[in-house]
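Structure record follows, encoded as structure tokens.
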Amino acid sequence: MKKINILAISGLLVLTACTGNGVIYSNKEFTWTKDAFIQDTVKAYAPDAYTLVSNYPVTEFDGGEWHLEKDLSGQPVYSAPTKLEEAVFNLSLEESIKAVEPDSTLRTGVRWGGVWTRDVSYSTILGISAVQTEAAKKSLMAKVDRLGRIIQDTGTGGSWPCSTDRMIWTVAAYELYKFTGDENWKAAIYPVIKRSLEDDWATVFDTATGLVRGESSYLDWRQQEYPLWMKAADIYQSENLGTECVHYAAWDILARLEGELGDEATASGYRQVADGIKDAINENLWVPERGWYAQYLYGRKYPVRSDRFETLGEALAILLGICPESEIAPMVRKAPCEDFGTPCFYPQIKGIPPYHNDAMWPFVQGYWNRAAAKAGNPDAVLHGIACIYRMAAFFLTNKENVVIYNGHCEGTQVNSSRQLWSIAGSLSSVLNILIGMEFVENGIAFHPVVPSQLAGTRKLSQFRWRKAVLDITVSGYGAGIRNFSIDGTVCDAFFPDTLEGNHSIEITLDGQFPSGGINMVPNAYAPSTPVPDKVFGSSRGRHFNWASDADTYVVLRNGVPVDTTSVGTYKVDCDGEYQVIAVGSDGWRSFASEPIDYQSDEIAAKIGVYTTKTACSRIRLNVNVPSAGIWFADFLYNNPQDDFEHNNKCCNRTVYVNGEKAGLAVFPQVGKGLKDLLLRSSVLKLNLKEGQNTIELVYGPENENMNIDVNECYIDSIRLTQEKQ
């Protein structure tokens, strides 16, 4: 092996001797050659397909090696143009085997024991279904509770309904059906999906926007992705891109299952729900000036849009068919990418340490890589695979995340080796992109995407799918197929489920790409979120003040911009809900500040009731309002079961106004033992008549939380304010 000398010139890595070791990918931070990954003075290489050597400075090892320990018999065999690619694949295969616990479920990571709904679901979709099929099945079924519902095991303020991305389980379960063709499995998952979605329909669907409420999918560390002022009730009210995509896919799958196993008329209704969510995503979250979808809607009475790029959500919008075909290639070109990967979101949040903020997660990169492959963009695909492979090679394991600005696995708030969905993201690079398999109900469709820098012959042998064993060879480069044959017979790029036994598939690519280009950007931060004083009065009238680090501020009233100013004060001329957004010189906007609610006609009424599932399960009160119209209602409450981050005892009640269902009141956990702390619940929008109105809070079957046994809180009072235009 020739020695590679590296000179650091203005932050660029320059290979001064590369003969025989052609560069596959290089940016200003690292280089991928046929033999190695190189970054400054550190290097990782593969002497053979079962060994990786790295001298990356990691606390776990100061120069180390990975050697295959597990028997890979029964697993697919991958041969590639470089030993490095083969070694990373075999490392990931071995780690998928090590992830299987003694009870045959899948461990989330070395530091994370047990099965987590979203982790195992996203992993199953990415590729674990193909290499640990039975363990994936058992793991998914471990996430069904005694009522036959999908478990939301982590989330804000006591889990569901503050967090609702448990529905990704549906996509994973159906992916397993597509892989196995097991009709018994399909019959088993159908009632679980139906019960869970029908509960969500009754509790988290927002008729005003057509979207569903709930925390960002997987982004569940609150201050890592939301403004600091947002409490659990606020996060429940947010409407997030990734979570919306998950719900769209789940309703679409339920419609298919209902059509096959249930009733076609009901299936038609489910399809309408799915289509409605898809339309609402495109109507409410598309940001035309950016060319991508917004991160989420958030606020209290009036939702505001966060225009950050959120990588997993954007990828899901592409992969699930939500994004119009004409927008996919431009979106992939415009997506902000950094040297060490595509960040969880962009721009970053000031003052928040790396974890979701300032980080790249390989599983998220894996989904983005698949989205880039769907666009036929070799530049984005190569960058994404290089970043995943770099991590595995340098750290000798599939880490949970890395710091986006230095590429190190140390420095994030939490990290773990052998992270399940990181393993899946690595395997997906081969299974779904370079080999290009897409599992469908009646076969395997093939769409390989191989950048020209990775040109050559790749072979995936002994790949077991249903009753067949496949040897698949992909030759050349490109995003289109020139020739496809099964056992020497030229045919469409599809392997049908009618074929059994051993078969050979030969694929020759056409050397063409329909799109290209990648938006490499420096790491950037949005301005800090302004923190206004509450409205105060003076001889000059009502004002509020704020401080931030920007020169320009946008003032919102009821979610709509009403002024742009360079000074940190604003005169309040009329009632309403006010917020401020700071705008940086680069055009990035801060989060909107916490809403300041100035109302001259607020109505409050004491309730003073402790409600449980059995005691005071129906609370009835009469309120008088001076005029008919839209009124906002929230409740002052206490739920001291646990804190912001843990447990599953979020209390919720269905609200009726004058006998008609009006929505859901959510009372998240406020902090373990904090029995004197009163917080505001979620906000409801009520249509009230002039004079007396009857408002009821009712515990019903759809209000069963994830704990099941404990669903209770103290409700102190109600507050009503009328909508002002």
Side-chain angles (χ1 to χ4, degrees), residues 32 37 44-46 48-54 56 60 64-80 82-101 106-110 112 119-120 122-133 135-136 139 179 341 360-370 381 384-402 409 415-437 454 458-464 472:
W32 175 15
F37 277 95
Y45 66 96
D48 56 56
Y50 309 104
T51 308
L52 284 166
V53 180
S54 170
Y56 199 96
E60 296 171 23
E65 298 184 9
W66 165 79
H67 298 277
L68 180 69
E69 299 172 350
K70 293 289 186 179
D71 182 3
L72 298 185
S73 299
Q75 295 291 349
V77 177
Y78 181 53
S79 61
T82 72
K83 294 301 179 187
L84 187 59
E85 294 177 67
E86 295 174 358
V88 170
F89 183 80
N90 289 330
L91 165 71
S92 300
L93 270 186
E94 179 180 65
E95 293 202 322
S96 79
I97 295 170
K98 288 183 176 181
V100 180
E101 299 275 49
L106 290 162
R107 186 180 182 88
T108 300
V110 168
W112 310 116
D119 296 61
V120 74
Y122 279 118
S123 302
T124 296
I125 298 162
L126 266 183
I128 292 297
S129 61
V131 298
Q132 298 297 341
T133 310
S139 299
F179 187 80
M360 183 275 268
W361 287 51
F363 102 87
V364 175
Q365 187 71 62
Y367 276 94
W368 184 249
N369 293 352
R370 289 179 67 172
V381 167
I385 292 177
C387 291
I388 289 178
Y389 281 12
R390 170 199 168 273
M391 285 180 62
F394 274 141
F395 307 140
L396 306 178
T397 184
N398 289 285
K399 285 286 189 181
E400 183 177 6
N401 49 47
V402 294
C409 60
N415 212 325
S416 177
S417 298
R418 213 161 67 227
Q419 192 76 6
L420 184 65
W421 49 17
S422 299
I423 296 167
S426 180
L427 292 172
S428 179
S429 301
V430 173
L431 301 177
N432 303 124
I433 299 176
L434 299 176
I435 299 299
M437 290 186 288
L454 294 174
R458 287 173 173 77
K459 188 170 184 178
L460 191 69
S461 306
Q462 302 175 31
F463 183 79
R464 289 167 170 79
I472 308 164

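Residues: numbered from 1 along the sequence shown.
- When every heavy atom of Gly341 is checked against every heavy atom of Met360, the shortest pair comes out as CA-CG, 3.9 Å.
- The main-chain N or O of Val110 is found under 3.5 Å from a side-chain atom of Ser416 such that the two form a donor-acceptor pair.
- Residues satisfying the side-chain hydrogen bond (donor to acceptor under 3.5 Å, both in side chains) test with Glu101, not counting sequence neighbours, are Arg107.
- When the side-chain hydrogen bond (donor to acceptor under 3.5 Å, both in side chains) test is applied to Ser129, no partner is found at least two apart in sequence or on another chain.
- Residues Leu126 and Arg370 share a closest heavy-atom pair of CA-NH1, 3.8 Å.
- Every residue two or more places apart in sequence or in another chain was checked for a salt bridge (Lys or Arg N to Asp or Glu O under 4.0 Å) with Lys459, and none qualifies.
- Distance check: Ser139 OG to Leu420 CG gives 8.0 Å after rounding to the nearest 0.5 Å.
- The two residues Glu86 and Ser79 have their closest heavy-atom pair at OE2-CA, 3.2 Å.
- Counting heavy atoms from C-beta outward, Leu427 and Tyr78 have side chains that stay 4.5 Å or more apart.
- Inspection of the Lys399 and Ser417 side chains reveals an N or O donor paired with an N or O acceptor under 3.5 Å.
- Contact check for Ile97 versus Leu72: side-chain heavy atoms found under the 4.5 Å cut-off.
- When side chains are defined from C-beta on, Val381 does not count as touching Leu454, because their heavy atoms never get closer than 4.5 Å.
- Residues passing the ring pair (Phe, Tyr, Trp, His ring centres under 6.0 Å) test with Phe394, sequence neighbours excluded: Tyr56.
- Ser96 meets the side-chain hydrogen bond (donor to acceptor under 3.5 Å, both in side chains) test with Gln132; sequence neighbours excluded.
- Looking only at side-chain heavy atoms (C-beta outward), Leu106 and Val100 come within less than 4.5 Å of each other.
- Contact detail for Val88 and Ala392: the closest heavy-atom pair is CG1-CB, 4.0 Å.
- The ring pair (Phe, Tyr, Trp, His ring centres under 6.0 Å) check on Trp32 picks up Phe37, Tyr389, with sequence neighbours excluded.
- The CG atom of Asp119 lies 10.5 Å from the OG1 atom of Thr124; values are rounded to the nearest 0.5 Å.
- We find the CG-CG distance between Leu68 and Leu93 to be 9.0 Å, quoted to the nearest 0.5 Å.
- A search for ring pair (Phe, Tyr, Trp, His ring centres under 6.0 Å) contacts involving Phe363 returns Tyr122, Tyr218, Trp421, not counting sequence neighbours.
- For the side chain to side chain contact (heavy atoms under 4.5 Å, CB included) with Gln419, the lone residue among Asn398, Thr108, Thr397 that qualifies is Thr108.
- With a 4.5 Å cut-off on side-chain heavy atoms, Ile388 and Ser429 count as touching.
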Side chain to side chain contact (heavy atoms under 4.5 Å, CB included) for Leu434 and Phe89? Distances and angles first, verdict last. CA-CA 12 Å; Leu434 299 176; Phe89 183 80; over 6 Å; no
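- Side chains of His67 and Tyr50 form no contact here, defined as non-hydrogen atoms less than 4.5 Å apart.
- Looking at residues two or more places apart in sequence or on another chain, you find a salt bridge (Lys or Arg N to Asp or Glu O under 4.0 Å) between Glu85 and Arg458.
- Between Ser123 and Ile423, the closest side-chain pair of non-hydrogen atoms is not below 4.5 Å.
- Every side-chain contact (heavy atoms from CB on, under 4.5 Å) that Lys98 has, sequence neighbours left out, goes to Glu69, Lys70, Glu94, Arg418.
- Taking 4.5 Å as the limit, some side-chain heavy atom of Leu52 sits within range of a side-chain heavy atom of Leu84.
- Under the rule for a side-chain contact (heavy atoms from CB on, under 4.5 Å), the partners of Phe179 that lie at least two apart in sequence or sit in another chain are Ala130, Thr133, Phe439, Phe463, Trp465.
- Every residue meeting the side-chain hydrogen bond (donor to acceptor under 3.5 Å, both in side chains) condition with Ser428, not counting sequence neighbours, appears here in chain and number order: Asn432.
- Judged purely by atom type and a 3.5 angstrom limit, Asn415 uses its side chain to pair as donor or acceptor with the backbone of Asn401.
- Closest approach of Ile128 and Ala424 over heavy atoms only: CG1-CB, 3.8 Å.
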